[in-house]
Amino acid sequence: MIQDPRRMTTFNPNDIPSRFDFAEAQNRIFKMWESGGYFEGNPESKKPPYTVVIPPPNVTGALHLGHALNNTLQDTLIRMKRMQGFNTLWMPGTDHAGIATQAVVERRLKEDEGKTRHDLGREALVARIWNWKEQYEARILGQLKQIGSSCDWNRTRFTLDEVCGRAVRHTFFDLFQKSLIYRGKRLVNWDTYLQTTVSDDEVFSKTVKGQFWHFKYAVVDPKPGEPEYVIVATTRPETMLGDTAVAVHPEPDRALDRVASELREKLKKSSDSEKASVEAQLEALAARRELMLPKLEQLRDMASDGRKLSLPLMDREIPLVCDVWAKPELGAGCVKITPAHDPNDYEVAKRCDLPMINIMNRDGTLNVETGVYSGLTMKQARKKVVEDLDALQLLDTVEDREIELPQSDRSKTAIEPYLADQWFVAMSELSQSAIDAVVEDKVSITPKRYERGYLDWLGEKRDWPVSRQLWWGHQIPVWTKTCESEAEVQPLIDAIHSLSGFDETAAAVQLEPCEETDSDKRTKLELPFASVHVCVQSGCEDFENALEEMGLTREEDVLDTWFSSALWPHSTLGWPEQTPELACFYPTSTLITSRDIISLWVARMVLMGLNNCGEVPFEKVYIHPKIQDGFGETMSKSKGNGIDPLDVIAKFGADALRFGMAHLCTETQDVRLPVQFECPHCQHSFDQTKKNRILPKVTCPGCKKEFSTQWAESEEDKALEKGAVISERFETARNFVNKLWNASRFAMLNLEGYEASPISEEDLTVEDRWMLSRLTTVSGNVTAYLEDFKYADATRELYEFAWHQFCSFYVEMLKDRFADESKRPHAQRMLAYSLDCLLRLLHPVMPFITEEIWQNLAQVCPERGWSEVATANRCIIDAAWPELKPVWRDLAIENQFSLYQAALSDLREIRNSQNIGNKKKVKFSIKCAADIGEQLQPLGSYFSRMANAELVALGPAAVAPETSATRTTAEMEIYVDLDGLIDIKAEVKRLEKEKVNLEKSISSKQRQLSNEKFVAAKPDLANEIRTSLAQAESQLATISDSLQKITAKL
RNA sequence: GGGCGUUUAGCUCAGUUGGCUAGAGCAUCUCGUUUACACCGAGAGGGUCGGGGGUUCGAGUCCCUCAACGCCCA
């Protein structure tokens, strides 16, 4: 009986339950680690640093299994590094997730109170979002801790907190000063519901049924021979109100030639099934060329001649222009140009210097530019425009057609291309730096195939629109005043410069000339000359106030959420302050994330890290798989197939969740995780289907009772108990936890009387040496696998070793030795030593159970070791990572042991096929070469425990008993004496099968050896095959002989 | 349309540079409560490696092609 200081109770191995009470242990152990300061990175430490920054989860909601995977992998890595003696820091935090969070809170506001954000006002809405954030952040951090994440929680950051805010402002100021940030009018994706710009990444396109409308635009004063109308086609008739031109192709003949030659290329490559269709297209094109080319050339000439068209409904003359955007192979070959509402038309307008007319208000209704259509929604306007054109007999034809409609991922409403003032980051130089970092291998991406997407995306060097018309985010630190005339500009700038507090480190000035657009000219008599923008550093409130007194107003927009995320690796360490943390932990070591944000986040972190700190933010990036459900669909709450990690933890435990996650994490592919409902009444689990996963309540097929799901809304449904959504795939891991727990329980029960002492090499038995050899190999492999992010390989190796080698063989064999007083002390030391190593190897993946066992082990054998005995670390979390002596790796011993394993497995198979009860002891002989006999000799006694079989003869002289079952391996013949027991038919059947197998194998080997080219090319391999052929032939002879004998008894 | 990935046992996945009878877990079947563990132990059955073609002495593995599925970018 030993006092246990942790529990202030008496530790008795007999009291250890046969199952690990993970629910109780997890919280207790996590608190112990946290209060012990084990998670803390120390910037003063002399140890080499190892840093990981968490991909900050969005505060929009709870974590899902993808997060569980992501954080398991990070924690596994950081725990191994901690044990390897690094000064580790895993930096935690959450992301404010701008539009996503604001959209969630706004939706709730609308649903619960019927209010919009404008009813509430900026300050009140932001306060509400902060409230939401506090709630969800607490939940998210709680989830991360439940998973076991060993982050340095005292350093938890939030992308919108003061420290990150300072970094954002500093960065913005720096880029502004370098003129890498500028303001301009651009066509943006406008979400009319949220009334904000959304980035390209937040837009997805949906294919819907629509129409393709053809209109006639009259030619103004056509010359003789010229058409009276041109026909244009569109899927969006209402946009014609903003048309400022119609384009035709400048070289229709060459354009048609190019299309034709592309088709011919395609024809060469296409399969038989496709050929007919491509040929038909070519013919149609040729016919079209015949028919249309003169007309297209005429239109081109009209355009060059400056001919104008009359835009119906608007009474506006618009030019006919030449531009390559027009497609001579389609329709009438003319395309209407709406620069302010279509990305392609916008480009045309820039090339042809066309006016741009904005016809939309921010809420998606039409503005005053559209005259009588003003105030209508797009949908209403479409109907009216079509009707009005029809009434004027300008509607030509209408075709049905599938169209791609851009949708906002945030509001799920249609996106309108919209011309707006936006702030941009110029990407040319910044992108190049991030490209170079990867090309020069300063940042390595694993798996390597993801490099390409990263490089391609950065290679486009598209400027980054960073302003968002939101209230939740970092407000852009720019104050602006518009100057009506040139004369005002310099005095204003002078005045700003002479303000108290102005200096170049605190404020920067940009002048933005106003772009002339046709629209501006017509709506305002006098065009303002320019805008003066002043960007202000943080901590200059007085200066800001002074600017406002001068009549400058602060930009209302906030920054894209990725702007602050891009700074995460250095902002969290305190940059721009030169903190000890920054000096110690930057650049960080490894980033572990998912592939969908390689460009959005990873690439931007690299370029911002280089810009701000002059060094890459991390050396390695590991991209992990994505988790899908059993149908290959991504998991999400909105589909009903999302699994809450906490449900998995509640049912299987955090270690099982983690082991299961790591076990799934293979390099090549995404993983499918079939999803089940678990009945809260009878714990029966059954597969989710696409049908039942969207129901508010489900009937359990086991107990026939109903339970509710996440969709329950009615009072009646909500009153039902809620069923969890889980996956049975974690059972394997849970069973493994149990196995480990019981193996260690066995150890505690048998370590009574343990006396610490160095292990004497003389006392090592064959099985000890085998265990040491395996342990050495496994620890080397696991280390290498984890360093290379091969999590699945590492867990497979550990599972196989712990279960099928350590438990099934080594522990079983120890039982005999524990029974022998003289062998007991050495056996105990070996058990303590090998279990100790195994626990360390498993700790990164399964931290809780290994810590619990470690501390229990300390109760029975606090002092352990090999050649030197020392008191084990108090906690396994910072125990040293196992480094075993390479000389222990002994293939000869492993081969010797596998002889025993092969014989054992044949014995067991005979017992089973002959249906011999466990309690019936059998006698058997092994006929083999003398050296094989010598190798088996020391292990011979273990056949008794492991197969209830007594080895009566071993070696070349052994003979088959009169009535026996026979098995052969490459090196041995095994005869089990079955006098009075034998099931002859079963044995005949078994032997015949074996005979067929051997014959198959022999003929395949003979075929190979008779192949002269093979023997010449691979002599070594041929020799091996010769040896194994001889063995197989000898086996066949034995089997045939036995078969003959036994058949005679039938 | 472009790029990447996947297709191996009923399910989820391994399978190094081509080389002996293609492996594991779960599920199925048989036997078993031998005191660490029934969340256990022993054993068995189950695969023309998506289809076709090629290179090779030899292809799950390399090449071409067709098909299906998934993801990313336009």
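Residue numbers begin at 1 in each chain, while the letters A, B, ... track the order of the sequences.
Taking the six-membered ring where tryptophan is involved, the planes of Phe686(A) and His684(A) are essentially parallel, since the angle between them stays under 30° and well short of 60°. Using cut-offs of 30° and 60° on the angle between ring planes, the pair His663(A) and Phe659(A) is parallel.
Annotation: U12(B) and G50(B) have their P atoms spaced 14 Å apart (nearest Å). Taking atom C1' on both C20(B) and G58(B), the two are 12 Å apart, rounded to the nearest angstrom. To the nearest whole angstrom, the two P atoms, one in U17(B) and one in U6(B), are 14 Å apart. Taking atom P in both A74(B) and A14(B), one finds a spacing of 30 Å when rounded to whole Å. C62(B) and G18(B) are spaced 8 Å apart, taking the C1' atom of each and rounding to whole Å. Taking the P atoms as reference points, U7(B) lies 15 Å from G60(B), given to the whole Å. Comparing G5(B) with C13(B), their C1' atoms sit 16 Å apart, to the nearest whole Å. Taking the C1' atoms as reference points, C63(B) lies 12 Å from U56(B), given to the whole Å.
Checking C31(B), C13(B), G3(B) against the side-chain heavy atoms of Arg672(A) singles out C13(B) as nearest. Taking only side-chain atoms of Phe1014(A), from C-beta outward, the nucleotide of U21(B), U12(B), C57(B) with the closest atom is C57(B). Closest to the side chain of Lys919(A), from the set A36(B), U33(B), U12(B), is U33(B). Checking A42(B), U12(B), A36(B) against every side-chain atom of Ser808(A), the shortest atom distance belongs to A42(B). Comparing C13(B), G19(B), A36(B) against the side chain of Glu812(A) picks out A36(B) as the nearest. Of the candidate nucleotides C13(B), A42(B), C39(B), C39(B) has the atom lying nearest to any side-chain atom of Arg19(A). Among the nucleotides G32(B), C39(B), C11(B), the one closest to the side chain of Asn918(A) is G32(B). For Arg745(A), whose side chain is taken as the heavy atoms from C-beta onward, the closest listed nucleotide among A42(B), G70(B), C37(B) is C37(B). The side chain of Arg449(A) sits closest to G5(B) out of G5(B), C37(B), G25(B). Across C71(B), A44(B), A36(B), the shortest atom-to-atom separation from the side chain of Arg595(A) is found for C71(B).
Residue Lys989(A) places its NZ atom among 12 or fewer non-hydrogen atoms of other residues, nucleotides or ligands, all under 6.0 Å distant.
Atom-to-atom, CG of Asp906(A) to P of G43(B) comes out at 10 Å; the value is rounded to the nearest Å. Counting to the nearest Å, the C1' atom of C71(B) and the CD1 atom of Ile623(A) are 13 Å from each other. Summarising the geometry, the separation between CD on Gln901(A) and P on A42(B) is reported as 12 Å, rounded to the nearest angstrom. The distance between atom CG of Asp687(A) and atom P of C11(B), rounded to the nearest whole Å, is 12 Å. Taking atom CG of Leu664(A) as the reference point, atom P of C13(B) lies 8 Å away to the nearest angstrom. What separates CD of Gln1008(A) from P of C20(B) is a distance of 8 Å, to the nearest Å. Atom CG in Asn738(A) sits roughly 10 Å away from atom C1' in A36(B) (whole-Å rounding). Computed from coordinates, the Asn742(A) CG to C39(B) P distance equals 11 Å when rounded to whole Å.
Among the heavy atoms of the strands lying under 4.0 Å from Lys739(A) is at least one base atom, whether or not backbone atoms are also near. At the heavy-atom level, Ser744(A) lies nowhere under 4.0 Å from the strands shown. Residue Arg945(A) is classed as having no contact, given no heavy-atom separation below 4.0 Å to the nucleic acid. Backbone-only contact: Thr732(A) has heavy atoms under 4.0 Å from sugar-phosphate atoms and none from a base. Within the 4.0 angstrom heavy-atom criterion, no nucleotide atom of any strand lies near Glu728(A). At a threshold of 4.0 angstrom between heavy atoms, the contacts of Leu1021(A) include nucleobase atoms, whether or not backbone atoms are also involved.
For the OP1/OP2 pair of U21(B) and a distance below 4.0 Å, the side-chain nitrogens and oxygens of Ser1004(A) include at least one atom meeting the criterion. Within the 4.0 Å cut-off from OP1 or OP2 of A36(B), at least one side-chain nitrogen or oxygen of Lys815(A) is found. Applying the 4.0 Å criterion to OP1 and OP2 of C37(B), one finds that Asn735(A) has every side-chain N and O outside that range.
Base pairing annotation: U55(B) forms no Watson-Crick or G-U wobble pair, as no partner gives both donor-acceptor distances under 3.5 Å. Remark: C4(B) base-pairs with G70(B). Criterion, Watson-Crick or G-U wobble with two distances under 3.5 Å. Figure legend. A42(B) is base-paired to U30(B); pairs are counted as Watson-Crick or G-U wobble with both atom distances under 3.5 Å. Partner assigned to G25(B) is C11(B), using Watson-Crick or G-U wobble distances below 3.5 angstrom.
Not counting sequence neighbours, Trp325(A) has no partner by the ring-ring contact (aromatic ring centres under 6.0 Å, His included) test.
Stacking of Lys815(A) on the aromatic ring of Phe746(A) is recorded, both the 6.0 Å distance cut-off and the 45° axial limit being met.
Both Glu731(A) and Ala743(A) sit near RNA chain B, but only Glu731(A) has its closest nucleotide nearer the 5' end. In terms of position on RNA chain B, the residue among Trp803(A) and Glu994(A) whose nearest nucleotide sits closer to the 5' end is Glu994(A).
Aromatic ring centroids of Phe848(A) and Phe20(A) lie 6.0 Å or more apart.
Partner Arg967(A) forms a side chain to side chain contact (heavy atoms under 4.5 Å, CB included) with one of Arg990(A), Glu994(A), Gln1035(A) and no other, that one being Arg990(A).
Contact annotation: side chain of Arg734(A) to base of C39(B), donor-acceptor pair present below 3.5 Å.
Note that OH of Tyr900(A) and OG of Ser905(A) are 11.0 Å apart. Values are rounded to the nearest 0.5 Å.
For the pair Glu852(A)/Trp741(A), a side-chain contact is recorded, criterion being any heavy-atom separation below 4.5 Å from C-beta on.
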